[in-house]
Amino acid sequence: MSYQLIIPDSALCQKATRLVKELSPDFLFNHCGRTYHFGRLLGEREKLKVDLELFYIGAIMHDLGLTHACDRGCSFEQDGAKAAEEFLLSHRYPQDKLDIVREAIILHTMVEAESKRPEIALVHFGAGFDIGHFHIQDLPSERVQEILEAYPRLGFKKAFTEVLMKDASQKPGTLSDQLLQWGIEKMIVEAGFSE
């Protein structure tokens, strides 16, 4: 049975997708797409009740702070959360849902996200699977392949490491710098993906 690579059918999700596509290099946009689909697979496996629109917006926008347009000189997760907040406010998104998106973006690299509501936890887990922090073998290989075909990695390991290194050099002590100190570069290189 084919995995349905669909996103929530709402105007807001479509607009968020267009914004992220416009602002992000292709390798980063595809990472955000894979984050959603890997997270969705995990949510289905665990039979979690998930607001898919809310989860999608958090997943697709989670790395906006690594784009030139959204870099405000702060740590990238803070800049990304701010950019998402401004986008959602401009579309009159409910404050309670906006707060969840902000938290998903801010916590997406942190273990703390795992104990939060599903939309927050799945952004963390989806991104973690794509980075290589978790074992990709834990997901059905045929579905993983479909996701990779729809959202190719495009040299993700090298490109993402370079973005983090540049961000860390410009903003020492922020999350990019911490991730590199914690060994994310080695984790990315050793991940089960070829590139």
Quiz prompt | Over 12 non-hydrogen atoms of neighbours within 6.0 angstrom of CG in D9 | solution =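 No, CG of D9 has 12 or fewer neighbouring heavy atoms, counting only those of other groups under 6.0 Å.
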
Self-check item: Residues, nucleotides or ligands: over 12 heavy atoms within 6.0 Å of M165 CE
Solution: no

Quiz item: Is the distance between the ring centroids of F38 and F125 less than 6.0 Å?
Solution: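 No - the distance between ring centres of F38 and F125 does not fall below the 6.0 Å cut-off.
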
With distance as the sole test, does [X] use its side chain to make a donor-acceptor pair with the main-chain N or O of [Y] at under 3.5 Å?
X   : Y    : value
E85 : L98  : no
D79 : C74  : yes
S75 : L175 : yes

Quiz prompt | Side chain to side chain, P8 and Y36, heavy atoms closer than 4.5 Å | solution =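 Counting from C-beta outward, P8 and Y36 do come under 4.5 Å.
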
Quiz item: Heavy-atom distance under 4.5 Å between the side chains of Q178 and T109, does that happen here?
Solution: no

Quiz item: Run the salt bridge (charged side-chain N to carboxylate O under 4.0 Å, His left out) check on D51 and R117 step by step: do they pass?
Solution: CA-CA 10 Å; D51 180 327; R117 59 181 292 144; 5.9 Å; no

Quiz item: Going through the distances and angles, do V123 and I105 end up as a side-chain contact (heavy atoms from CB on, under 4.5 Å)?
Solution: CA-CA 8 Å; V123 172; I105 293 170; over 6 Å; no

Holding to salt bridge (charged side-chain N to carboxylate O under 4.0 Å, His left out), I want the full list of residues that pass it with [X], two or more places apart in sequence or in another chain.
X    : answer
D26  : K21
K15  : none
R72  : E86
E103 : K116

Enter the distance from [X]:[atom1] to [Y]:[atom2] here, rounded to the nearest 0.5 Å.
X    : Y    : atom1 : atom2 : answer
T17  : I7   : OG1   : CD1   : 3.5 Å
L23  : L66  : CG    : CG    : 12.5 Å
R34  : L41  : CZ    : CG    : 13.5 Å
I184 : L180 : CD1   : CG    : 7.5 Å
D130 : I188 : CG    : CD1   : 9.5 Å
L52  : R40  : CG    : CZ    : 6.5 Å

Exercise. For the residue pair E77 and H108, confirm or rule out a side-chain donor-acceptor distance under 3.5 Å.
Key: no

Practice problem: Take F76 and L164 through the test side-chain contact (heavy atoms from CB on, under 4.5 Å) and record every step on the way to the result. | Solution: CA-CA 9 Å; F76 81 86; L164 286 180; 4.3 Å; yes

Practice problem: Return the minimal non-hydrogen interatomic distance between V50 and P118, and the atom names on each side. | Solution: CG2-CB, 3.9 Å

Quiz item: A83 and L64: which non-hydrogen atoms are nearest, and at how many Å?
Solution: CB-CD1, 4.1 Å

Which residues share a side chain to side chain contact (heavy atoms under 4.5 Å, CB included) with [X], sequence neighbours left out:
X    : answer
C32  : I60, H62, D63
E195 : R153
D177 : A168, P172, Q181
L12  : S10, E53, I57, F87, L88, H91, Y93

Practice problem: Check the pair M61 / L19 against side-chain contact (heavy atoms from CB on, under 4.5 Å), numbers first and verdict last. | Solution: CA-CA 9 Å; M61 301 186 96; L19 177 69; 3.7 Å; yes

Quiz item: After noting the C-alpha distance and the side-chain angles of K166 and E162, does the key distance pass the salt bridge (charged side-chain N to carboxylate O under 4.0 Å, His left out) rule?
Solution: CA-CA 6 Å; K166 181 180 178 186; E162 287 173 356; over 6 Å; no

Quiz prompt | Any residue meeting ring pair (Phe, Tyr, Trp, His ring centres under 6.0 Å) with F27, in chain and number order, not counting sequence neighbours | solution =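 Testing F27 for ring pair (Phe, Tyr, Trp, His ring centres under 6.0 Å), a comparison that skips the adjacent residues, returns none.
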
Quiz item: Can you name the ring pair (Phe, Tyr, Trp, His ring centres under 6.0 Å) partners of F156, sequence neighbours left out?
Solution: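 If we apply the ring pair (Phe, Tyr, Trp, His ring centres under 6.0 Å) test to F156, skipping adjacent residues, the hits are H31, F160.
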
Quiz item: What residues form a side-chain hydrogen bond (donor to acceptor under 3.5 Å, both in side chains) with S24, not counting sequence neighbours?
Solution: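 side-chain hydrogen bond (donor to acceptor under 3.5 Å, both in side chains) list for S24, sorted by chain: empty.
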
Self-check item: Residues which pass side-chain hydrogen bond (donor to acceptor under 3.5 Å, both in side chains) with D167, listed by chain and number, not counting sequence neighbours
Solution: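 Expected list: K171, S176.
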
Quiz item: Just one of F129, Y151, F55 clears the ring-ring contact (aromatic ring centres under 6.0 Å, His included) bar with H37, so which one?
Solution: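 Answer to the ring-ring contact (aromatic ring centres under 6.0 Å, His included) test with H37 among F129, Y151, F55: Y151.
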
Exercise. Could you tell me whether R18 and E22 have a side-chain N and a carboxylate O separated by less than 4.0 Å?
Key: no

Exercise. Test side-chain contact (heavy atoms from CB on, under 4.5 Å) on K97 and V101 and set out the steps.
Key: CA-CA 6 Å; K97 291 186 172 188; V101 171; 5.8 Å; no

